[in-house]
Amino acid sequence: MRPKGPHSGKDYRVKLLKRLGLTLLLLSAVILVGLMIWEPLTSEGVEPPPERSYEARIVRDEFGVPHIFGKTDADVAYGVAYAHAEDDFATLQEVSAMSRGRLATLNGADGAAIDYVAALLDVAGTVARKYDDLPEDVRLLLDGYASGLNAYAEEHPDEVELSNLFPVNGKDIARGFVLRSPFFFGLNGPIQALVENKDLPREGGPVLAGPIEEKSIHPLSDDKVITPVGPDPDENGSNAYAVAPERSSDNRTRLISNSHQPLRGNVAWYELVVHSEEGWDFAGANFPGSPFPFLGHNKYLGWTNTVNRPDLIDIYKLIVNQTRSQYQFDGAWEPLQKKRVWLKIKFGPLVIPYPQTVYRSIHGPVILNDSGAFAIRYAGMDQLDMLTQYFRINKARNFEEWQAAMAGQGVPATNFVYADAKGNIGLFYNAMFPDRAPGFDWRTVLPGDTSKAVWQQTLPFSRVPALINPDSGYVMNANNTPYTAAGPGDELSPDNYSPLMGIENDETNRSLRSIVLFEEAIANSGKIGEAEIRRIKYDTGYEQAGYAKDWMDRIAALELDQDSDLQKAQALLASWDWDLDGEGAADALALMVLRPANKAHYQRGEIPDAREILQETVDHLNQYFDRIDPPMKEVLRLRQGEVDLPLDGGNDTIRASTLWDVDDDGRLSVRHGDSFIMFVEWDTDGKVNSRSIQPFGAATTRPDSPHYTDQMQLFVDHKLKPVHFDPEDLEQHKASEKVVGTAR
């Protein structure tokens with residue numbers, strides 16, 4: 001009963017409002033607490049790998065590089081994960097979260113797009129369907145690696161930032177491969193364009209004739225595109241060289257690995273050496289989340305990789321019904337599969353659920369936008385064979401075994417440059433080329449209503465462009481067409497390869513420059529020895545040809561006011577010696593104006609406005625250096641912690657400083673370019689020796705480690721360190737040793 005009295009109604013309302021306010025406050029508190037704790041409670045954990053005994057010995061050399069020894073391959077994989085976690089658990093944890101579709105929970109909104117992509121591509125479904133078909137030794141390897149990572153997480157709970165992420169298992173490791181693999185050949189481009197309902201980017205493969213629009217491009221530091229293979233995936237590149245013994249001045253076979261990757265993050269190289277009593281001996285580097293090296297050498301052979309860009313992605317427009325629940329295919333209506341997924345996005349202390357729907361058709365993943373429904377089909381879709389291929393080539397003992405493993409065609413795209421103890425060298429333009437039917441324009445959006453346009457298999461490895469043991473005595477690739485892979489007269493003919501394969505036909509400055517330098521060395525002495533190959537690798541020059549020449553001509557043709565800063569910059573560039581060695585007065589200016597031109601060329605995009613680029617560059621140099629001609633090495637820097645060193649090279653020079661961030665002091669801090677470098681050689685007796693270098697050190701995320709920055713000075717000085725591949729040699733340079741594993 002309502003209380004009586006002159007003020008009873010008012011008092012009642014006040015009390016009621018207070019109660020409601022308290023209730024709302026309590027409800028809000030409950031919701032906030034719920035948003036803080038709900039995600040790990042609802043995230044599905046996984047069963048850990050089957051319980052097995054593991055034991056690995058981790059020996060670190062004077063640079064902290066881990067050499068992992070084990071009785072079995074799985075023991076070694078356990079040690080690989082544990083050693084890597086000691087040096088960079090933060091990145092391994094990030095890769096693990098990404099593989100589980102929980103990156104946004106760990107990193108916030110930046111990870112949401114990747115979690116969406118993992119659901120769109122049905123990464124978890126691929127692994128569920130295909131994992132048990134992997135060979136047993138590969139599954140044992142993955143379980144061993146997962147167990148090593150779990151052991152480190154259990155022993156260091158203070159470093160674990162995401163609840164219910166560990167333990168991981170072998171399937172989680174496989175998911176990381178499935179998710180990242182297609183983004184090395186450009187899947188980010190069409191996905192982003194379709195999601196944003198923008199024009200599709202130019203497809204991979206040959207550059208087609210036609211006008212390219214001009215467009216403003218910021219010359220300094222564009223926004224980074226976040227993908228499963230790190231920022232700026234379209235800028236990933238590399239140089240690779242192999243020299244046969246008959247062309248060498250000392251009869252040695254040489255292999256030069258020179259990858260251009262981000263210097264930090266989940267596709268930054270991690271150096272390691274492995275030795276298993278089951279015959280797995282290998283020195284090289286991997287990415288976080290991999291149980292084996294992706295490039296390097298064993299006793300008998302080695303290889304390195306460069307990014308290639310064939311047309312391996314096809315887009316189909318579907319004819320859908322009014323409710324977009326069905327699509328037409330071969331005269332019938334098929335249901336468009338749909339699945340609701342929840343992106344779990346960290347926002348401060350809260351985790352906000354964000355619903356999304358992913359779609360799938362017979363063709364592959366489907367994206368709906370205002371322009372219609374578009375399906376995506378790409379090389380390597382719904383496959384795990386890359387795991388087997390990489391492990392098999394790690395253990396190959398001769399050229400025949402290596403080629404047999406390559407013929408398994410698990411790695412959907414990337415060039416392989418090969419060399420071995422017997423003196424064989426070769427370039428393989430490896431790709432899983434779709435077996436496309438004639439009669440369609442495969443470089444445009446395809447009709448989605450007919451099975452005739454949906455390829456079902458890939459061409460055999462025998463169809464892959466390859467150049468083995470050419471007369472020139474060397475092979476090379478610098479992200480250019482495979483038709484130019486060696487000296488004049490050794491070119492592959494485009495006529496031998498179907499246009500349906502979509503093989504690229506463009507060159508880079510690095511490829512043009514490499515051929516010129518190799519041929520100059522041969523013309524001078526007929527040989528390519530240690531000194532010559534080092535000069536080539538660390539060359540910082542530009543050829544006055546191709547896009548670079550066209551771009552500088554555009555700047556030279558600008559009509560500028562006399563005595564203006566722009567006119568002075570134009571004159572300074574006219575005097576440039578076409579070399580970014582850091583010695584010329586025009587080097588800093590040339591470095592900065594060339595970057596957007598190379599980006600447009602390499603990504604086959606719009607040509608930037610020359611006046612705008614010149615103006616922004618001049619403004620930047622004047623603002624931060626009070627002159628347009630500061631020494632380039634004061635501008636371009638390699639920075640880590642308290643170490644700040646000058647760098648040379650540019651965006652498309654063989655010595656690559658590809659991308660940079662603009663720091664608060666206006667200096668350009670390189671984030672992408674020359675990363676892991678390895679020189680490998682086999683002597684006349686077939687014995688292998690190698691040297692390597694990284695930009696920072698073995699422990700790139702551990703500021704308290706002596707190996708956080710200990711390779712930086714060597715790196716900027718163009719020097720290498722020994723690898724100590726031979727265990728007896730390692731004993732003379734051992735800095736630490738420990739045994740990890742479960743009780744036997």
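Since the structure is predicted, the reported quantities are computational estimates derived from the model, not experimental observations.
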Pairs flagged by salt bridge (Lys or Arg N to Asp or Glu O under 4.0 Å) wherever residues 257-267 is involved - sequence neighbours left out | none

Here the salt bridge (Lys or Arg N to Asp or Glu O under 4.0 Å) pairs for residues 512-531, sequence neighbours left out, are Arg254-Glu530, Arg513-Asp539, Arg513-Glu543, Glu530-Arg691

Using only atom types and a distance under 3.5 Å, with no angle test, would you say the side chain of [X] pairs donor to acceptor with the backbone of [Y]?
X	Y	answer
Asp717	Lys719	no
Gln261	Val267	yes
Ser248	Ala244	no
Arg671	Trp660	yes
Asp314	Arg377	no
Gln389	Gly410	yes
Glu246	Gly423	no
Asn258	Ala240	no
Lys537	Ile256	no
Asp587	Leu580	no

Sequence neighbours excluded, which residues qualify as side chain to side chain donor-acceptor pair (under 3.5 Å) partners of [X]?
X	result
Trp269	Ser259
Thr700	none
Lys549	Asp553
Tyr429	Glu504

Are the side chains of [Y] and [X] in contact, using a 4.5 Å heavy-atom criterion?
X	Y	answer
Phe725	His297	yes
Asn305	Asn415	no
Gln409	Thr458	yes
Asp629	Leu589	no
Val635	Arg667	no
Leu301	Asn298	yes
Met381	Ile376	no
Ile515	Tyr474	yes

Check whether the side chains of [X] and [Y] place a donor and an acceptor atom closer than 3.5 Å, and report yes or no.
X	Y	result
Thr508	Asn480	no
Gln694	Ser675	no
Ser238	Thr306	no
Asn239	Arg510	yes
Asn398	Lys422	no
Glu507	Thr481	no

From CA spacing to verdict: side-chain contact (heavy atoms from CB on, under 4.5 Å), Thr253, Val243 | CA-CA 6 Å; Thr253 306; Val243 181; over 6 Å; no

If the plane angle is over 60° it's perpendicular, under 30° parallel, otherwise tilted; pick one for Trp303 and Trp402.
-> tilted

Is the Tyr390 ring parallel, tilted or perpendicular to the Phe416 ring (thresholds 30°, 60°)?
-> tilted

Hey, can you pull the donor-acceptor pairs under 3.5 Å for the side chains in residues 461-470, sequence neighbours left out?
from   : atom 1 : to     : atom 2 : distance (Å)
Asn469 : OD1    : Ile425 : N      : 2.9
Asn469 : ND2    : Asn424 : OD1    : 3.1

Taking atom [atom1] of [X] and atom [atom2] of [Y], what is their separation to the nearest 0.5 Å?
X	Y	atom1	atom2	value
Arg639	Ser669	CZ	OG	6.0 Å
Thr484	Met476	OG1	CE	8.0 Å
Glu203	Ile313	CD	CD1	7.5 Å
Glu634	Leu668	CD	CG	12.5 Å
Asn509	Gln544	CG	CD	10.5 Å
Leu558	Arg611	CG	CZ	5.5 Å

Quick note, side chain to side chain donor-acceptor pair (under 3.5 Å) partners involving residues 489-500, not counting sequence neighbours, are Ser472-Asp490

Go through the structure and list residues passing salt bridge (charged side-chain N to carboxylate O under 4.0 Å, His left out) with Arg655, not counting sequence neighbours.
-> Asp648, Asp674

Residues in salt bridge (charged side-chain N to carboxylate O under 4.0 Å, His left out) contact with Arg534, at least two apart in sequence or another chain = none

Given the side-chain rings of Phe287 and Tyr270, with only the six-membered ring counted for Trp, is the space between their centroids under 6.0 Å?
-> no

Would you check, one step at a time, whether the test side-chain contact (heavy atoms from CB on, under 4.5 Å) holds for Glu271 with Val723?
-> CA-CA 10 Å; Glu271 184 177 8; Val723 170; 4.1 Å; yes

Partners of Phe183 by ring pair (Phe, Tyr, Trp, His ring centres under 6.0 Å), sequence neighbours excluded?
-> none

Does CG belonging to Asp250 count more than 12 external heavy atoms closer than 6.0 Å?
-> yes

Taking atom CG of Asn524 as the centre, report whether more than 12 heavy atoms of other residues, nucleotides or ligands fall under 6.0 Å from it.
-> yes

Between Pro608 and Ile613, what is the shortest heavy-atom contact and its length?
-> CB-CG1, 3.9 Å

Would Arg252 count as a cation-pi partner of Trp682, with NZ or CZ less than 6.0 Å from the six-membered ring centre and within 45° of the ring normal?
-> no

Output every pair passing ring pair (Phe, Tyr, Trp, His ring centres under 6.0 Å) with a member in residues 239-264, not counting sequence neighbours, ordered by first then second residue.
-> Tyr241-Phe518

Begin from the C-alpha positions of Phe679 and Ile533 and carry the test side-chain contact (heavy atoms from CB on, under 4.5 Å) through to its verdict.
-> CA-CA 10 Å; Phe679 280 45; Ile533 200 69; 4.1 Å; yes

Might you work through the side-chain hydrogen bond (donor to acceptor under 3.5 Å, both in side chains) test for Tyr602 and Asp652, ending with a clear yes or no?
-> CA-CA 9 Å; Tyr602 194 56; Asp652 189 20; over 6 Å; no

